[in-house]
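Read the structure below first, then the notes.
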Amino acid sequence: MNGNGRVHHRTGDDIPDYRHGAPIALKYVKRGYHLLVRHALVLTLAPFAAMGFLELISMYHNGDLERLWFTARETEVTVSLLVFILSCLLLVSIIATYFAKRSPPVYLLGYHCYKGQPHLKLSKELFMEMTKKKEHQGVFTEESVTFQEKVLHRGGLGDETYIPEGIMSDPVDASMEAARDEAREVLFTCVEEALAKTGIKPQKVDILIVNCSLFNPTPSLSAMIVNKFKMRSNVITYNLAGMGCSAGVISIGLAEQLLQVYPNSTALVVSTENITQNWYFGNEKSMLIPNCLFRVGGAAIVLSNRRRHKKRAKYQLMHVVRTHMGQDDAHYECVYQKQDSNKETGVFLSKDLMKIAGHALKANITTLGPLTLPLSEQLLFFVNLVARKVLSMKVKPYIPDFKLAFEHFCIHTGGRGVIDAIEKQLELTHDMVAPSRETLYRYGNISSSSIWYVLSNIETKKGVKKGERVWQIAFGSGFKCNSAVWKAVNNVDERHVAWLEATDVDKKVK
């Protein structure tokens with residue numbers, strides 16, 4: 001969208017090239033390498049300690065250790081031999097203590113993505129019919145209707161996205177109760193299905209985390225779930241608000257930290273956004289865009305830190321990398337909930353949003369790279385960085401090939417421009433971004449839950465093989481870019497209801 005409010009359709013050539021923009025801040029590189037080397041010394045010494053310990057055992061069983069001891073006494077090197085043996089045992093004990101106290105693994109047992117009711121599907125034709133009706137009622141101007149039509153047809157959405165009952169009804173019902181009804185429908189369905197898939201009873205859930213940015217009633221959404229499913233009185237609950245479309249990864253990161261503190265625990269993470277009270281009925285173009293992109297969706301994810309669950313888990317969480325660019329005013333204000341001049345509430349989207357997202361992406365992958373890229377790519381990147389930063393050589397920045405680090409990519413479905421930009425900057429293939437495009441087309445921008453719809457698309461249509469790595473990347477207000485990295489611990493080929501047509505669903509049920 002340009003300064004005159006006209007929609008500007010970006011071509012492949014004029015998408016901002018984040019690879020050659022502002023220089024990478026060294027603090028993000030240092031952060032990534034700090035995480036990498038934090039345990040490097042212990043992990044390097046571990047094989048030598050194991051070899052030494054096994055050699056001592058072998059010598060003991062063969063009688064070599066006893067003969068060595070007598071020889072040492074006769075040659076007066078007893079103390080040196082004793083020091084050597086004790087040093088080996090000390091090294092082994094240090095390594096053993098490290099592995100005993102290391103963070104427990106976090107396994108993803110299963111998840112469910114919400115699929116709306118057929119009568120709540122919103123085609124582009126129906127969207128424009130509803131919008132023009134509001135024009136006749138004096139809500140939208142003719143210019144606003146034309147603008148929304150352009151955004152809608154260029155946004156990448158199809159004709160089967162979902163909106164809530166309150167927005168579909170005539171007149172629109174944006175009441176608190178209607179918003180609660182939307183939340184109940186999405187949250188309860190997702191939780192019930194996710195727990196059923198994994199065989200976890202509600203009373204066995206130890207940690208509950210719910211994220212929803214724009215609808216936060218009292219009692220909270222997490223309390224709503226506790227009440228519905230009669231969870232234990234000591235269940236640990238969190239309700240994250242206002243954190244935007246990247247809050248799904250934030251919730252996973254919070255669950256990971258809690259599962260490191262509470263042993264033998266199960267965590268339930270629920271991600272959604274509420275549309276009912278956040279449909280904009282004004283005429284500010286920068287606040288009308290969400291109407292054209294955001295739709296109903298949600299996902300519930302079951303996590304566990306019990307090692308015995310590895311056999312039936314789908315993935316193990318390897319890394320969560322969060323990048324917050326809110327120190328800068330332009331980043332902080334680029335996605336901003338506010339009221340327009342007529343006191344109509346909506347979410348403002350800056351015309352510089354794509355550029356800002358690019359800066360956040362660059363910072364995030366700079367930290368993520370040292371944790372995930374193969375050594376060859378890290379060396380090339382490091383040498384290039386030294387040449388430019390230390391030796392002041394005029395060479396182009398080296399962009400690591402992230403296709404060597406991941407087999408599957410789950411890109412947040414913020415819009416066609418977001419997916420196009422990441423495809424170009426990371427030099428991904430069409431097949432790698434196809435699941436994200438298909439999710440945008442089928443479900444629209446479903447906020448923090450979108451990365452789970454993309455993963456469910458991959459599992460249903462391609463499958464994920466044991467050992468393959470998945471990168472979930474999301475952007476959100478603040479401005480934030482967050483990544484979660486998973487590794488498949490078993491072959492995954494679940495057929496998710498969200499990607500099955502009615503006939504396929506019937507076959508699955510039978």
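Bear in mind the structure is a predicted one, so any value in this text is a computation, not a measurement.
- In this structure, the side chain of Lys115 does not engage the main chain of Gly297 through any donor-acceptor pair within 3.5 Å.
- Here the closest non-hydrogen pair linking Ser246 and Asn482 is OG-ND2, 3.1 Å.
- At a cut-off of 3.5 Å, with distance as the only test, a side-chain donor of Tyr111 or Glu459 sits close to an acceptor on the other residue.
- A donor-acceptor pair shorter than 3.5 Å cannot be found between the side chains of Asn457 and Thr439.
- Checking Glu192 against His112 by side-chain atom types alone, no donor-acceptor pair falls below 3.5 Å.
- Partners of Glu160 according to the salt bridge (charged side-chain N to carboxylate O under 4.0 Å, His left out) rule, which considers only residues two or more places apart in sequence or in another chain, are Lys121, Arg442.
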Determine whether Lys403 and Leu426 satisfy the following criterion, side chain to side chain contact (heavy atoms under 4.5 Å, CB included), listing intermediate values before the conclusion. CA-CA 8 Å; Lys403 296 189 294 296; Leu426 298 182; over 6 Å; no

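- At distances below 3.5 Å, not a single donor-acceptor pair connects side-chain atoms of Ser477 with backbone N or O atoms of Phe479.
- Side-chain contact, Gln117 with Glu165: no donor N or O sits under 3.5 Å from an acceptor N or O.
- With values rounded to the nearest 0.5 angstrom, Phe406 atom CZ is found 10.5 Å from Leu428 atom CG.
- Side-chain atoms of Arg306 and Thr266 include a donor-acceptor pair closer than 3.5 Å.
- Taking NE2 of His412 as the reference point, atom OG of Ser436 lies at 10.5 Å (rounded to 0.5 Å).
- Residue Lys134 places its NZ atom among more than 12 non-hydrogen atoms of other residues, nucleotides or ligands, all under 6.0 Å distant.
- Residues Val205 and Val235 come closest through the heavy atom pair O-CG2, 3.6 Å.
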Atom pairs and distances, donor-acceptor, side-chain atoms in residues 257-265, under 3.5 Å, two or more places apart:
residue, atom, partner, partner atom, Å
Ser265, OG, Tyr262, O, 3.1
Ser265, OG, Pro263, O, 3.1

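- Taking NZ of Lys338 as the reference point, atom CZ of Phe348 lies at 5.5 Å (rounded to 0.5 Å).
- A donor and an acceptor atom, one from each side chain of Asn211 and Ser271, are located under 3.5 Å apart.
- Checking side-chain atoms of Arg295 against main-chain N and O of Asn291 turns up a donor-acceptor pair under 3.5 Å.
- In this structure, His119 places its NE2 atom where more than 12 heavy-atom neighbours from other residues, nucleotides or ligands lie under 6.0 Å away.
- Note that the CD atom of Glu494 and the CD1 atom of Ile458 stand 13.5 Å from one another [nearest 0.5 Å].
- Under 3.5 Å, the side chains of Ser483 and Trp471 contain a donor-acceptor pair of N or O atoms.
- For Asp328 (side chain) and His331 (main-chain N/O), a donor-acceptor pair under 3.5 Å exists by modelled atom type.
- Residue pairs satisfying the salt bridge (charged side-chain N to carboxylate O under 4.0 Å, His left out) criterion with at least one member in residues 206-225, sequence neighbours excluded, are listed as follows: Asp206-Arg232.
- Other residues, nucleotides and ligands contribute at most 12 non-hydrogen atoms within 6.0 Å of the CD atom of Glu125.
- For Trp486 and Tyr107, the ring centers are positioned 6.0 Å apart or more.
- The backbone N or O of Asn274 lies less than 3.5 Å from no partner atom in the side chain of Glu182, so there is not a single donor-acceptor pair.
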Working for side chain to side chain contact (heavy atoms under 4.5 Å, CB included), residues Phe127 and Cys292: CA-CA 8 Å; Phe127 177 94; Cys292 306; 4.1 Å; yes

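- Using cut-offs of 30° and 60° on the angle between ring planes, the pair Trp499 and Tyr443 is perpendicular.
- Counting only N and O atoms by type, the side chains of Gln327 and Tyr332 include no donor and acceptor under 3.5 Å apart.
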Evaluation steps, side chain to side chain contact (heavy atoms under 4.5 Å, CB included), between Ile250 and Leu240: CA-CA 9 Å; Ile250 294 174; Leu240 306 183; 4.0 Å; yes

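- Judged by distance alone, the side chain of Tyr280 and the main-chain N or O of Asn283 form a donor-acceptor pair under 3.5 Å.
- Counting only distance, with no hydrogens or angles, the side chain of Thr460 and the backbone of His496 share a donor-acceptor pair below 3.5 Å.
- For the pair Asn490 and Ala313, the tightest heavy-atom approach, listed with the atom from each and the gap, is ND2-O, 2.8 Å.
- Between Glu438 and Lys461 a salt bridge is recorded (basic side-chain N to carboxylate O distance below 4.0 Å).
- Checked for salt-bridge contact, Asp170 and Lys133 meet the test: a charged N lies under 4.0 Å from a carboxylate O.
- Tyr441 contributes no side-chain N or O that, together with a main-chain N or O of Asp159, makes up a donor-acceptor pair within less than 3.5 Å.
- Classification of Asp181 and Arg184 as a salt-bridged pair holds, one side-chain N sitting under 4.0 Å from a carboxylate O.
- Ser175 and Asp173 are linked by a side-chain donor-acceptor pair at a separation below 3.5 angstrom, with hydrogens and angles left out of the test.
- Atom CZ of Arg322 is separated from atom NZ of Lys480 by 8.0 Å, given to the nearest 0.5 angstrom.
- One N or O on the side chain of Asn445 and one on the backbone of Ser447 form a donor-acceptor pair closer than 3.5 Å.
- Checked by atom type, the side-chain pair Asn364/Thr323 shows a donor-acceptor distance below 3.5 Å.
- Considering only residues two or more places apart in sequence or on other chains, Lys487 meets the salt bridge (charged side-chain N to carboxylate O under 4.0 Å, His left out) condition with none of them.
- With sequence neighbours excluded, no residue satisfies salt bridge (charged side-chain N to carboxylate O under 4.0 Å, His left out) with Arg180.
- Every residue was checked against the salt bridge (charged side-chain N to carboxylate O under 4.0 Å, His left out) condition with Glu256, not counting sequence neighbours, and none meets it.
- Side-chain atoms of Thr218 do not come within 3.5 Å of backbone N or O of Ser220 as any donor-acceptor pair.
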Pair Leu157, Leu293 - check side chain to side chain contact (heavy atoms under 4.5 Å, CB included), show working. CA-CA 7 Å; Leu157 279 69; Leu293 297 178; 3.8 Å; yes

